[in-house]
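One-based numbering, in listed order, for ligands and for the atoms of each. Sequence positions, counted from 1, serve as the residue numbers for this chain. Computed over heavy atoms, backbone and side chain alike; hydrogens, waters and symmetry mates excluded.
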Amino acid sequence: MKQKHIAIRMQGISPFHVMDLLAQAKQLEAQGHDVIHLEVGEPDFPTPEAINLAAIEAIKKGKTKYTGATGLPELKVKISEYYQSRLGASVAAKNIIITPGASGALQLALSVLVNSNQKVLMADPGYPCNRHFVRLLDASALSIPVSADTDYQLTHDLIEQNWQQDIAAVLIASPSNPTGTLIDAVEMQKIIDLIEKKKGILLVDEIYQGLVYDQADFSAASLSPRVFVINSFSKFFSMTGWRLGWLVVPDEFIEPVDRLAQNLFLAPPTISQYAALSAFDSNTLKVLDAQRDELNKRREFLLGGLKQLGFDISVKPGGAFYIYADVSKFTSDSFKFCNDLLHQSYVAITPGVDFGEYKANRYVRFAYTQNVEKLQMALDRIGDFLSNYEYKP
Ligand SMILES: Cc1ncc(COP(=O)(O)O)c(C=O)c1O
């Protein structure tokens, strides 16, 4: 295809650098090297058996046609009950829109809310696809540098200082990717009140909900009926490949979101929805809670190990399965550092450049999606790697 046929907006859509590293890791594996994967943001646990069996049952019963555009009513009821019983949040089933992953939820919400001449405020570092979703709308991302001083999160003060008239929405993620850090309920309420006052819209990406370790989990939906909340079956429920998520929308947005969902997706995946009905069974939740406890052990283990090796981790991540580490004492180019670590020691991690521009060359992300034995092996290899690694400016 001729280059001129590719829309100009595609120039603003960058690939994941980590995909490059992943391709190289696959090549190394094909040559017989045993690569330890700490780069991909996906739990290593299998989908719980009850969910798999429910999917098989759905296929046997011929549940393979479209559902309504906003999803199965009975799944919305289950999610609504889950908000009440686990998080003490009253979210009516009618306000829940089932989507193809959090990715579908983010695209739907942003498309309904943002005009082409408007901006969306977000944190740098942050989940990279967000700025690309905004780019697709011919709108612009206003990325605000966040540092360890604010736990790598936007705060009430940062939002107030950076407010502009043409901001349509603010997008935050708690816990965050790549930093695993949280916004607590007090700060969240301050942010909600500020954005309300500014007549903007707040979107809170809670895709890592359920994977919170040191404090009680909550949803921004429990603080205000005006917030858009994004969630997914991908992470806590270990269902990345099922492509299922959801969006909580305020009353007056139900109709336009439904209308756009009809056009964008027709419907979320049917078999996945029937499978997800079993995700909230008490036995399944027990399995998932045990997985969360296992992730917590890994977090403590890897944090301790990395700090001993000299990695600078100034904020303890309270959720998700990521550690965001400053490697500037080892290198001035964290992408090259990741590349060297992969080729010399067969440990794959993600460079900061995948998550934004602010001090991206100083940071790397570790995903503790491998068991403790594997993490120990990774630490041993990284230790050997560092003992021979010469600082190269
Ligand atoms: C913060 C964040 N939001 C959204 C997504 C998209 O997830 P999915 O579409 O699998 O639900 C991810 C995936 O890693 C993420 O980290």
Side-chain angles (χ1 to χ4, degrees), residues 13 15-19 22 37-45 47 51 71 75 79 96-111 120-134 136 141 143 146 151-154 169-183 202-212 219-220 228-248 261 264-265 268-269 272-273 275-276 279 288 295 317-324 349-350 352 354-356 365-369:
I13 312 290
F16 286 113
H17 292 86
V18 71
M19 286 303 167
L22 195 60
H37 290 276
L38 305 180
E39 81 281 42
V40 186
E42 161 166 77
D44 55 324
F45 308 118
T47 300
I51 299 177
L75 183 56
I79 294 171
I96 296 167
I97 311 287
I98 313 291
T99 56
S103 306
L106 283 160
Q107 285 172 67
L108 256 184
L110 290 166
S111 306
V120 178
L121 195 84
M122 57 185 76
D124 176 354
Y127 180 58
C129 303
N130 291 335
R131 61 180 189 275
H132 298 151
F133 295 148
V134 172
L136 281 183
S143 297
V146 290
D151 291 354
Y152 304 107
Q153 287 282 5
L154 287 175
V170 177
L171 177 50
I172 56 188
S174 177
S176 132
N177 177 8
T179 65
T181 57
L182 307 167
I183 298 177
L202 177 63
L203 296 102
V204 186
D205 184 343
E206 297 184 349
I207 185 171
Y208 295 99
Q209 187 166 71
L211 301 178
V212 168
S219 170
F228 280 68
V229 173
I230 291 113
N231 210 323
S232 174
F233 287 93
S234 286
K235 310 292 176 164
F236 174 65
F237 296 96
S238 287
M239 292 177 70
T240 42
W242 300 74
R243 308 310 305 129
L244 201 64
W246 72 87
L247 179 65
V248 177
L264 277 184
F265 312 124
S272 303
Q273 292 186 73
L288 297 170
L295 285 172
F321 33 70
Y322 304 122
I323 295 174
Y324 197 54
I349 57 173
T350 308
D354 264 342
F355 308 104
R365 185 193 75 178
F366 292 85
Y368 39 94
T369 48

Name the closest protein heavy atom to [atom], giving the residue it belongs to and the distance to 0.1 Å.
{"atom": "atom 9 (O) of ligand 1", "value": "Ser103 OG, 2.5 Å"}
{"atom": "atom 7 (O) of ligand 1", "value": "Ile207 CD1, 3.2 Å"}
{"atom": "atom 10 (O) of ligand 1", "value": "Ser234 OG, 2.7 Å"}

Do the side chains of [Y] and [X] get nearer than 4.5 Å, heavy atoms only?
{"X": "Val18", "Y": "Val40", "answer": "no"}
{"X": "Lys235", "Y": "Phe321", "answer": "yes"}
{"X": "Leu244", "Y": "Leu75", "answer": "yes"}

Just which atoms of ligand 1 are under 4.0 Å from any heavy atom in [X]?
{"X": "Tyr208", "value": "1 (C), 14 (O), 15 (C), 16 (O)"}
{"X": "Asp205", "value": "1 (C), 2 (C), 3 (N), 4 (C)"}
{"X": "Lys235", "value": "13 (C), 14 (O)"}
{"X": "Arg243", "value": "8 (P), 9 (O), 10 (O)"}

Heteroatom distance test ([X], ligand 1): nitrogen or oxygen, under 3.5 angstrom:
{"X": "Asn177", "value": "yes"}
{"X": "Ser232", "value": "yes"}
{"X": "Gly101", "value": "no"}

Just to verify, what does Asp151 make a side-chain hydrogen bond (donor to acceptor under 3.5 Å, both in side chains) with, not counting sequence neighbours?
none
Minimum distance, heavy atoms only, to atom 15 (C) of ligand 1: which one of Trp246, Tyr127, Phe355 is it?
Tyr127
What's the verdict on side-chain contact (heavy atoms from CB on, under 4.5 Å) for Arg365 and Asn177, showing C-alpha distance, side-chain angles and the deciding distance?
CA-CA 9 Å; Arg365 185 193 75 178; Asn177 177 8; 2.8 Å; yes
Taking heavy atoms and a distance under 4.0 Å, where does Phe233 meet ligand 1: side chain, backbone, both or neither?
neither
Closest non-hydrogen atoms of Val134 and Met122, given as atom of the first, atom of the second and distance, are CG2-CE, 3.9 Å
Single hit among Phe355, Tyr208, Phe366 for ring pair (Phe, Tyr, Trp, His ring centres under 6.0 Å) with Tyr322:
Tyr208
Exercise: do Ser219 and Glu206 side chains pair donor with acceptor under 3.5 Å
yes
